[in-house]
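Residue numbers count from 1 along this sequence.
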Amino acid sequence: VQLQASGGGLVQAGDSLTLSCEASERTLSMPDMGWFRQAPGKEREFVAAINQSGGIIYYSSSVKDRFTISRDNAGNMVYLQMNSLKPEDTALYYCVVGLKGPWGRWNGASYWGQGTQVTVSS
């Protein structure tokens, strides 16, 4: 599986941004998908996950109520809608397939995209 993330950029605090992830296969055939991020000098952290049907979604506490993950099972796309962005959201964002780890505390994945940079200025 190959994943291509896009949509990152430089925005101001309070702005919105939507990240897209194009998979090499139809997302309907894939298990759970999600997003991780890594800020400079910090460990990689889980952001959001969505199960195969799209009926189960989970967010980290730091983005809950601000970010929305969705997947297009008719096609090959996964999205991350980010609202009310904060400077602490600045990071390289990775699209993933097949999350690994305890439920709600995922720490890895089977497949990773190349990452798209999000920078939020104050």
Side-chain angles (χ1 to χ4, degrees):
V1 176
Q2 294 183 336
L3 303 168
Q4 182 73 36
S6 62
L10 172 63
V11 298
Q12 294 186 332
D15 285 352
S16 298
L17 205 58
T18 298
L19 304 183
S20 301
C21 177
E22 182 176 6
S24 57
E25 303 172 10
R26 289 186 65 190
T27 54
L28 182 62
S29 67
M30 298 184 187
D32 47 292
M33 304 181 72
W35 294 86
F36 280 77
R37 68 185 182 186
Q38 186 166 22
K42 294 188 177 181
E43 292 187 355
R44 182 180 62 201
E45 66 170 334
F46 163 77
V47 176
I50 185 167
N51 75 331
Q52 186 174 29
S53 70
I56 300 175
I57 292 173
Y58 192 90
Y59 300 98
S60 69
S61 58
S62 60
V63 307
K64 193 175 185 301
D65 298 326
R66 298 189 299 121
F67 289 12
T68 302
I69 187 172
S70 61
R71 61 191 289 170
D72 172 22
N73 279 349
N76 61 342
M77 301 295 293
V78 176
Y79 303 97
L80 186 67
Q81 171 69 40
M82 305 184 295
N83 298 327
S84 303
L85 283 162
K86 304 175 181 180
E88 50 264 43
D89 294 319
T90 295
L92 191 60
Y93 283 71
Y94 297 93
C95 173
V96 301
V97 172
L99 282 79
K100 296 182 177 180
W103 173 262
R105 294 185 286 116
W106 295 285
N107 52 28
S110 299
Y111 301 95
W112 294 78
Q114 88 290 358
T116 184
Q117 179 67 39
V118 174
T119 303
V120 185
S121 63
S122 57

### Task
For the residue pair Asp15 and Leu17, establish whether any side-chain heavy-atom pair is separated by less than 4.5 Å.
no
### Task
Would you mind listing every disulfide bond (SG atoms under 2.5 Å apart) that reaches into residues 28-60, with sequence neighbours excluded?
none
## Note on the structure
Quick note, disulfide bond (SG atoms under 2.5 Å apart) partners involving residues 55-89, not counting sequence neighbours, are none
### Task
Could you check if a side-chain atom of Tyr94 sits within less than 4.5 angstrom of a side-chain atom of Leu3, using non-hydrogen atoms only?
no
### Message
Just verifying a value: how many Å separate Phe67 CZ and Ile57 CD1, rounded to the nearest 0.5 Å?
### Response
14.5 Å
### Query
Is there a path from Val96 to Val63 through hydrophobic residues (I, L, V, M, F, W, Y) whose side chains come within less than 4.5 Å of each other?
no
### Message
I'd like to check the side chain to side chain donor-acceptor pair (under 3.5 Å) partners of Ser70; sequence neighbours left out, ordered by chain and number.
### Response
none
### Task
Among residues two or more places apart or on two chains, list those pairs meeting disulfide bond (SG atoms under 2.5 Å apart) that have a residue in residues 3-78.
Cys21-Cys95
### Query
In chain order, what residues pass the side chain to side chain donor-acceptor pair (under 3.5 Å) check against Ser60, with sequence neighbours excluded?
Ser62
### Query
When rounded to the nearest 0.5 angstrom, what distance separates OG1 in Thr18 from CG in Leu80?
8.0 Å
### Message
Once rounded to the nearest 0.5 Å, what's the spacing between atom CG of Asp32 and atom NZ of Lys100?
### Response
11.0 Å
### Task
Treat each ILVMFWY residue as a node, draw an edge where side-chain heavy atoms are under 4.5 Å apart, and state whether Ile69 and Leu85 are in one component.
yes
### Message
I'd like to know if the side chain of Ser121 pairs up with that of Gln12 as donor and acceptor (distance under 3.5 Å, no hydrogens or angles considered).
### Response
no
### Message
Applying side chain to side chain donor-acceptor pair (under 3.5 Å), can you list everything that pairs with Asp72, at least two apart in sequence or on another chain?
### Response
none
### Task
Kindly state each residue pair satisfying salt bridge (charged side-chain N to carboxylate O under 4.0 Å, His left out) with at least one member in residues 56-71, sequence neighbours excluded.
Arg66-Asp89
#### Entry: Test item: Met82 and Tyr93 side chains (from C-beta on) under 4.5 Å apart, heavy atoms
yes
### Query
Taking the six-membered ring for Trp, are Trp106 and Tyr58 parallel (under 30°), tilted (30 to 60°) or perpendicular (over 60°)?
perpendicular
### Distance-minimising heavy-atom pair for Ser16 and Gln81
CB-NE2, 3.9 Å
### Message
Within this structure, what is the CG-CD1 distance for the pair Leu99 and Ile50, rounded to the nearest 0.5 Å?
### Response
11.5 Å
### Task
Applying side chain to side chain donor-acceptor pair (under 3.5 Å), name anything that partners Ser110, two or more places apart in sequence or on another chain.
none
### Query
Does Tyr79 belong to the same Ile/Leu/Val/Met/Phe/Trp/Tyr cluster as Leu92, with side-chain heavy atoms less than 4.5 Å apart forming each link?
no
#### Entry: Test log, rule side-chain contact (heavy atoms from CB on, under 4.5 Å), inputs Trp103 and Ile56
CA-CA 12 Å; Trp103 173 262; Ile56 300 175; 3.5 Å; yes
### Query
How would you list, by chain and number, every residue that makes a ring-ring contact (aromatic ring centres under 6.0 Å, His included) with Phe36, sequence neighbours excluded?
Phe46, Trp112
### Query
Applying salt bridge (charged side-chain N to carboxylate O under 4.0 Å, His left out), which residue pairs with at least one partner in residues 18-27 are found, sequence neighbours left out?
none
### Query
Is it the case that more than 12 heavy atoms not belonging to Gln38 sit under 6.0 Å from its CD atom?
yes
### Task
Could you tell me which non-hydrogen atom of Thr116 sits nearest to which non-hydrogen atom of Gly7, and how far apart they are?
OG1-N, 4.0 Å
#### Entry: Distance-minimising heavy-atom pair for Met77 and Ser20
CE-CB, 3.8 Å
#### Entry: All pairs passing disulfide bond (SG atoms under 2.5 Å apart) where residues 26-74 contributes a residue, at least two apart
none
### Task
Kindly state each residue pair satisfying side-chain hydrogen bond (donor to acceptor under 3.5 Å, both in side chains) with at least one member in residues 44-54, sequence neighbours excluded.
Arg37-Glu45, Asn51-Ser53
### Query
Sub-3.5 Å donor-acceptor pair from the side chain of Thr90 to the main-chain atoms of Val120, do we have one?
yes
